[in-house]
Every structure is written in structure tokens, then in C-alpha cells.
Amino acid sequence: ESIMNSLALWLNVSSMNQEPVASGLEAIFGKTKIDFQAYRYDEGKEAQFHYDGEVDHNILRKVRETKPDMVIYSGPAAGKCKPALSTLLALREGGAKTIGYTLDGGCPEWHPLLEEYKANNVFDVMVNTDGNPHWPKRQRDVTILQTIDERFYEARPFKDIRLGFAGGNGSPHRREAIAMLQERCGLVMAERSEAWGSYKQFADFMLRCHMTVNFPETGSGKAFHVKNRVIEAGYAGCCLFEKKNPITALYFEPNVDYVEYETFAGLENIIKNISDSEVAFRAHNLALKCRELYTPEKAWQQVFSKII
């Protein structure tokens, strides 16, 4: 009630995977009396081209211009697009409620920064969106799955790709798996761009796929988390192959909502032998669960209930 007839400001960088988050928030706030404004404080520039303190200047200028009642901040753990602690503490200057939205809280490499935020009480509520409950959180903080706007997946084009993957291949184990799947299972790789404005192209590719594969390790390879791709596969009507891990299984049922694999050799065998009816069954179950339990509305409801 206290934030009705007010402004919510979303601060983030220009990463393609944040498009459906901004879009989902816009839809949610569109149903209320709260105005919503999204501001990409890197202003589309590559991180290395920012001068020291530039993003801090951009954030503080925008906050002072708009005088928001709520600020939702999400940014990187390192580099020239990471604002100073003093900048983030200043978000509350006008009495704004603040939410820290973390993409990879389950990754140990994020933990020193999250400990710093926790020690300095930087945000009213911290949110980890990778589903992994093991991160430096306080009692009032929340763990959810990434909030993907389902409207990107409204189209139902003809599915003409048996097995597809749209994602990076930065880690050696992922490169190995992709090369094997391309050679032996006919994996189709999508052209993937991280640029803002390209998310629809990614969603359209996912919609064409009967099956997709996921690699649930964090970037450091030191922990597991629920990647965006799990929800995206559900919305796109894909059968998901997910490596066995304890985190995804907290939210979805292995071998009911998705197909679990343990090794790349085992994955190849499953893909080659799975029937069309099994593919359709898993895809249907995943879609149902994503739409029933893990919509942006349900996730943000958990978050907003902590500060309103």
C-alpha cells in the first residue's frame, strides 16, 4: 500500500538475458498504479569502455532525476560496470525501498560481494534468482527462479529442430559436450547475441526446438544452479535434458518434468533412444509447472511482500 501512486526504477546493464526480466516487470507494474521505468545504466557501452566512476554518475543522476520510491538494482560482480558501495547505499537517500537482484548468488565467486552487501545492509531485500538457496542471505532475503516474461513465447511456430542449443560454449566441458552432440546427435546451434534487443530471436529459436540440453553448473563450475534455460525450455515447449544436480530437483521432478543425464555418453544414448511420445510428455510437464509455479507475478509477489 505504501508504494501506490509511485515510481519503481529498475537499474541494470544492457545484457540480452535481462530483456525478459524488464519486460515482465513492466507487465506487472502495468496492472498497478505504480509507474515503472527501466534504466540500463551502462547505456549500451561495453564494460571496458567506461571511465572509472561513470556508471556511478549515471545511476546517481537517474535516481536524483526520477526520485523513485522503489529501486530494483542488478549488476555484475566485478568490472567497470560494478557500482561503488557508496552509490548503492545512496539509492535509499530519498527514502526509497531497495531490492538487490542477483543473477548467480549460488556461485561461490559471487559470495564475497554478497557478504559485503549483507554486512553493510545495502538493500532492504536481496534476491537470488538462480534457485540455489546456499548463498550469504539474511532471514528476509529471497531465493527465486529467474523471472522470464512468457509473452516472448506466445507464438507457436512449427517445430523443425529435433535438438537445439542457444548459449555460450566458454567452458571446456561444455565445448566438449556441444562438439559431441553436433557430431553424433545432429545438435543445431543458434547464432547467439548478448546484445540488448536480441532476446526475441533467441526465444524464436527455442520455440522451433523439440529438445534442448542444459549445463547447470555456475560459470566457475563450482556449484549448480537453475539456469534461465530451464524456464525458457518450459515456455517454449521443449523437452529439457538436464545434468543430474540437487538444485534443479528442488523445483522440478527429474525424469518427469525433464530428462536427467549424468555423463555425456549417457546423454548421447538417451537422445538417440528417446521416443517422440516421451519428448512430448516431458515438454508438456515442464511447461505446465513453469506456468503454474514460476511466473514473474508469483516470484515478484514473494519479493514485494518483504518490503511493502
Side-chain angles (χ1 to χ4, degrees), residues 7-26 36-68 70-94 96-130 135-136 146-147 167-171 191-202 218-220 225 227-228:
L7 172 69
L9 177 66
W10 182 83
L11 298 170
N12 211 314
V13 293
S14 304
S15 169
M16 175 274 269
N17 65 18
Q18 290 306 289
E19 276 187 70
V21 178
S23 179
L25 277 167
E26 196 170 26
F36 173 71
Q37 196 173 130
Y39 175 57
R40 307 198 306 279
Y41 64 82
D42 63 348
E43 300 193 332
K45 282 165 66 174
E46 293 287 333
Q48 65 268 29
F49 297 127
H50 286 277
Y51 60 78
D52 289 344
E54 183 179 2
V55 298
D56 300 279
H57 170 76
N58 289 347
I59 288 170
L60 294 173
R61 185 195 71 241
K62 178 57 78 172
V63 168
R64 283 162 189 160
E65 277 174 11
T66 58
K67 298 181 175 58
M70 178 196 292
V71 179
I72 303 165
Y73 162 81
S74 180
K80 290 198 170 189
C81 286
K82 180 171 86 73
L85 198 67
S86 58
T87 300
L88 297 176
L89 286 166
L91 299 178
R92 284 187 180 158
E93 268 176 16
K97 299 287 189 181
T98 60
I99 297 168
Y101 187 92
T102 304
L103 303 182
D104 293 308
C107 180
E109 291 184 355
W110 270 84
H111 290 183
L113 180 64
L114 297 178
E115 290 282 12
E116 186 181 24
Y117 289 165
K118 181 180 173 183
N120 289 278
N121 208 29
V122 174
F123 300 101
D124 291 305
V125 182
M126 280 291 297
V127 185
N128 175 31
T129 68
D130 74 357
W135 58 285
Q146 183 67 282
T147 56
N169 60 352
S171 60
E191 287 285 329
R192 183 178 165 96
S193 165
E194 294 301 324
W196 190 270
S198 63
Y199 188 81
K200 183 68 171 72
Q201 186 181 335
F202 164 83
T218 60
S220 65
H225 59 174
K227 296 184 87 70
N228 297 16

Hey, does [Y] have a side-chain heavy atom less than 4.5 Å from the side chain of [X]?
{"X": "W110", "Y": "T218", "result": "no"}
{"X": "Q18", "Y": "L103", "result": "yes"}
{"X": "F123", "Y": "V71", "result": "no"}
{"X": "D124", "Y": "I99", "result": "no"}
{"X": "T98", "Y": "Y73", "result": "no"}
{"X": "L113", "Y": "K82", "result": "yes"}
{"X": "M126", "Y": "K118", "result": "no"}
{"X": "Q146", "Y": "V21", "result": "yes"}

Does one side chain, of [X] or [Y], offer a donor that lies under 3.5 Å from an acceptor on the other?
{"X": "E54", "Y": "Y41", "result": "no"}
{"X": "T102", "Y": "Y117", "result": "no"}
{"X": "S14", "Y": "D42", "result": "yes"}

Check against side-chain contact (heavy atoms from CB on, under 4.5 Å), I72 and V127: CA-CA 10 Å; I72 303 165; V127 185; over 6 Å; no
Of the non-hydrogen atoms in [X] and [Y], which two are nearest, and what is the gap between them?
{"X": "N12", "Y": "S74", "answer": "ND2-CB, 3.2 Å"}
{"X": "G105", "Y": "W135", "answer": "O-CB, 3.2 Å"}
{"X": "V13", "Y": "P76", "answer": "CG1-CD, 4.3 Å"}
{"X": "P83", "Y": "C81", "answer": "CD-O, 3.4 Å"}
{"X": "M16", "Y": "S193", "answer": "CE-O, 3.3 Å"}
{"X": "F36", "Y": "A22", "answer": "CE2-O, 3.8 Å"}

With rounding to the nearest 0.5 Å, note down the distance linking [atom1] in [X] to [atom2] in [Y].
{"X": "N17", "Y": "N228", "atom1": "CG", "atom2": "CG", "result": "5.5 Å"}
{"X": "K62", "Y": "L11", "atom1": "NZ", "atom2": "CG", "result": "9.0 Å"}
{"X": "E65", "Y": "L60", "atom1": "CD", "atom2": "CG", "result": "11.5 Å"}
{"X": "Q37", "Y": "E26", "atom1": "CD", "atom2": "CD", "result": "10.5 Å"}

Over 12 non-hydrogen atoms of neighbours within 6.0 angstrom of CD in Q48: yes
Donor-acceptor contact below 3.5 Å, side chain E19 vs main chain G197: yes
Whether D130 side chain and H225 backbone form a donor-acceptor pair below 3.5 Å: no
Stepwise side-chain contact (heavy atoms from CB on, under 4.5 Å) check, N120 with L88: CA-CA 10 Å; N120 289 278; L88 297 176; over 6 Å; no
Residues E43, R61: salt bridge by 4.0 Å N-O rule: yes
Salt-bridge contact R64-E93 (side-chain N to carboxylate O under 4.0 Å): yes
Y39 vs T66, side chain to side chain donor-acceptor pair (under 3.5 Å): CA-CA, chis, key distance, verdict: CA-CA 11 Å; Y39 175 57; T66 58; over 6 Å; no
